[in-house]
Amino acid sequence: MSDSVLLQARQGGVLTLTLNRPEKLNAFNDALVHALIAGLEGAATDSSVRAIVIRGAGRGFSAGQDLEVFVERRNSPNKISVAEHLRETYNKLVTLIREIDKPVIASLNGIAAGVGLSTALACDLRIAADNAVLTLGFSKIGLIPDGGASLMLPTLIGLGRGLELAWSSDRIDAAEAHRLGLVNTVVPAAELEERTLAYADRFASVSPVAVGLTKRAFNASVLPNFTAWLEAEATFQEEAAAGPDLMEGVTAFLQKRAPAFAAR
Ligand code: T3D
């Protein structure tokens with residue numbers, strides 16, 4: 001397998017972008033986020049691409065921000081704030097996903113966590129293997145759902161169920177995700193790749209003009225303030241990151257122990 005962090009493959013009008021850091025459950029470092037942004041930008045301007053699939057190599061979709069990389073960044077003399085990092089990476093990524101005039105489909109093979117799940121939620125459609133597991137995970141490290149998830153989650157499943165998942169960081173399986181409306185369809189794990197391509201191909205063969213304008217219309221009707229919301233979300237996240245819970249949560253995760261969050 002290539003050592004590139006992002007793999008690209010074409011089948012007819014469907015472009016598949018594969019997150020390729022399987023040894024890290026496809027956790028995002030900056031190289032991976034920027035490669036995904038570049039892959040999506042290329043697809044946006046290539047009229048022969050009619051649908052885009054994002055998937056993960058190995059046993060998961062993505063474990064979200066790479067927390068070892070996060071600690072390195074936090075300890076770096078040139079560190080940037082969490083809000084600034086969101087603006088430079090995940091907010092650009094999910095804005096692009098929402099703005100591309102083509103179907104963007106997340107194919108969930110295994111775990112989708114943190115901003116990995118946020119990325120999937122920003123996509124237009126989600127197809128999941130029957131062994132997929134979804135978890136927000138942010139509350140376990142003192143953060144709020146970012147990458148647009150604080151908007152996409154209640155939009156997709158409602159306020160109460162969204163808050164329950166965000167606060168608890170519960171892991172939910174594919175069947176529960178389907179029942180809640182977080183994923184469009186569930187297929188046997190062994191068939192995910194083939195079924196994803198067939199699923200994407202359905203939308204690659206109708207009018208691209210209708211597809212693009214329908215996406216714009218739906219964005220305008222239910223996500224009219226998506227970009228402005230990302231900025232608000234980054235501000236809330238900066239406030240969360242200013243306290244001690246973030247480093248306690250991340251350190252606890254890396255040390256494989258339960259976090260100890262003090263009352264305040
Ligand atoms: O400034 C900013 O960038 C802020 C933005 C933040 C955005 C975010 O995404 S914050 C949320 C970050 N992600 C998480 O908090 C998830 C952390 N991971 C987990 O909760 C679990 O690992 C999973 C639910 C994803 C998977 O659980 P499981 O039991 O299937 O696997 P595991 O044993 O926990 O993990 C397997 C390995 O992957 C393990 O390493 P090892 O022991 O085999 O060497 C684990 O440490 C590593 N790993 C998993 N997630 C991450 C990770 N390493 C770095 N970063 C990760 N996110």
Side-chain angles (χ1 to χ4, degrees), residues 5 19-34 36-37 56-76 78-94 106 108-122 128-129 131-153 165-174 176-177 189 230-231 233-243 245-259 261:
V5 290
L19 312 177
N20 190 34
R21 299 187 76 219
E23 72 290 354
K24 300 280 260 175
L25 285 176
N26 303 311
F28 284 106
N29 59 10
D30 285 1
L32 178 53
V33 192
H34 290 299
L36 183 54
I37 290 170
R59 76 172 177 94
F61 179 75
S62 170
Q65 167 67 41
D66 185 321
L67 294 175
E68 286 174 334
V69 170
F70 174 82
V71 171
E72 284 166 22
R73 175 169 18 105
R74 196 85 171 172
N75 293 335
S76 151
N78 304 318
K79 75 173 177 190
I80 60 170
S81 71
V82 164
E84 203 49 43
H85 188 250
L86 289 174
R87 290 184 193 110
E88 289 301 313
T89 55
Y90 303 116
N91 289 0
K92 283 188 178 166
L93 170 64
V94 296
L108 304 176
N109 55 310
I111 193 83
V115 79
L117 179 54
S118 310
T119 302
L121 297 181
N131 63 355
V133 175
L134 280 55
T135 175
L136 286 155
F138 296 93
S139 63
K140 290 189 172 175
I141 58 167
L143 292 180
I144 70 158
D146 60 22
S150 66
L151 177 58
M152 294 308 298
L153 192 64
L165 288 185
W167 280 336
S168 67
S169 288
D170 280 349
R171 295 185 188 202
I172 60 167
D173 63 20
E176 176 67 358
L230 291 176
E231 189 48 39
E233 193 182 66
T235 304
F236 284 121
Q237 195 68 295
E238 189 60 38
E239 189 175 336
D245 288 359
L246 172 58
M247 283 318 288
E248 166 56 16
V250 171
T251 307
F253 173 76
L254 294 175
Q255 293 176 350
K256 300 186 190 298
R257 62 169 172 82
F261 297 125

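Every number for a ligand or one of its atoms is a count from 1 in the order of the listing.
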What protein heavy atom sits nearest [atom], and how far away is it?
atom                    : answer
atom 2 (C) of ligand 1  : His85 ND1, 3.4 Å
atom 8 (C) of ligand 1  : Gln65 CB, 3.5 Å
atom 48 (N) of ligand 1 : Phe253 CZ, 3.9 Å
atom 38 (O) of ligand 1 : Leu25 CD1, 3.9 Å

**OP:** Could you pull out the closest heavy-atom pair between Ser139 and Ser169, with the gap in Å?
**Re:** OG-OG, 2.7 Å

**OP:** Search all heavy atoms of Leu134 against all heavy atoms of Ala177 and return the closest pair with its distance.
**Re:** CD2-CB, 3.9 Å

For [X] and ligand 1, does the shortest N/O to N/O distance drop below 3.5 Å?
X      : value
Lys256 : yes
Ile141 : no
Val115 : yes
Asp146 : no
Leu67  : yes
Arg59  : yes

Flag, side chain of [X] to backbone of [Y], donor-acceptor distance under 3.5 Å:
X      : Y      : result
Arg171 : Thr135 : no
Glu248 : Pro259 : no
Asp170 : Leu165 : no
Asp66  : Phe28  : no
Asn109 : Gly56  : yes
Thr119 : Val115 : yes
Asp173 : Val133 : no

**OP:** Under 4.0 Å, heavy atoms only, figure out whether ligand 1 is touched by the backbone of Phe28, its side chain, both or neither.
**Re:** neither

Original post:
Under a 4.0 Å heavy-atom limit, does Asp66 contact ligand 1 with its side chain, its backbone, both, or neither?
Top reply: both

Any atoms of ligand 1 less than 4.0 Å from a non-hydrogen atom of [X]? List them with their elements.
X      : value
Gly64  : 9 (O)
Gly114 : 9 (O), 11 (C)
Ile111 : 24 (C), 25 (C)
Phe70  : 1 (O)

Original post:
Can Lys79 and Glu84 be counted as an ion pair, charged N to O under 4.0 angstrom?
Top reply: no

Original post:
For atom 22 (O) of ligand 1, is the nearest protein heavy atom closer than 4.0 Å?
Top reply: yes

Subject >> Separation between CD1 of Ile141 and CZ of Phe70, rounded to the nearest 0.5 Å >> reply: 7.0 Å

Subject >> Options Gly116, Gly137, Ala63, ranked by nearest heavy atom to atom 13 (N) of ligand 1, top entry >> reply: Ala63

Subject >> Among Gln255, Arg73, Gln237, Arg171, closest by any non-hydrogen atom to atom 24 (C) of ligand 1 >> reply: Arg171

Original post:
Under the criterion side chain to side chain contact (heavy atoms under 4.5 Å, CB included), which of Asp30, Asn91, Val33 is the partner of His85?
Top reply: Asp30

